[in-house]
Colleague: 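If you scroll down you'll find the structure; I have some questions about it.
A quick note: this is a predicted structure, and the numbers were derived from the prediction, not measured. All residue numbers refer to positions in the sequence shown, counting from 1. Computed over heavy atoms, backbone and side chain alike; hydrogens, waters and symmetry mates excluded.
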Amino acid sequence: MNDNIKKTVKSGISFGTALAMVISYVTWRSVGWAIIHGLLGWIYVIYFLLRY
């Protein structure tokens with residue numbers, strides 16, 4: 001079960017990173033900001049949902 005949890009968390013983090021980068025690029029049209037927001041991952045996604 002421990003391996004299953006690790007896989008789920010890793011895929012959730014990867015999805016959050018990808019989602020943050022797409023939202024950032026579509027919003028700001030900047031690869032630099034997309035990379036920064038990708039590093040922040042789910043934090044930026046939640047911020048974007050609350051802000052807009």
Colleague: Would you be so kind as to tabulate the donor-acceptor pairs closer than 3.5 Å made by side chains of residues 31-43, with sequence neighbours excluded?
Modeller:
{"from": "His37", "atom 1": "ND1", "to": "Ser24", "atom 2": "OG", "distance (Å)": "2.6"}
{"from": "His37", "atom 1": "ND1", "to": "Trp33", "atom 2": "O", "distance (Å)": "3.2"}
{"from": "Trp42", "atom 1": "NE1", "to": "Gly12", "atom 2": "O", "distance (Å)": "2.7"}

Colleague: Tell me whether Val45 shares a hydrophobic cluster with Tyr52, the cluster being built from Ile, Leu, Val, Met, Phe, Trp, Tyr side chains joined at under 4.5 Å.
Modeller: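 Val45 and Tyr52: one cluster.
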
Colleague: Test of understanding: clusters of I, L, V, M, F, W, Y form through side-chain heavy atoms closer than 4.5 Å, transitively. Do Leu49 and Val22 belong to the same one?
Modeller: no

Colleague: About how many Å separate CD1 of Ile23 and OH of Tyr47, when rounded to the nearest 0.5 Å?
Modeller: 12.0 Å

Colleague: Would you kindly confirm whether Leu19 and Phe48 end up in one hydrophobic cluster when ILVMFWY residues are joined by side chain heavy atoms under 4.5 Å apart?
Modeller: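 The answer is yes; both residues are in one hydrophobic cluster.
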
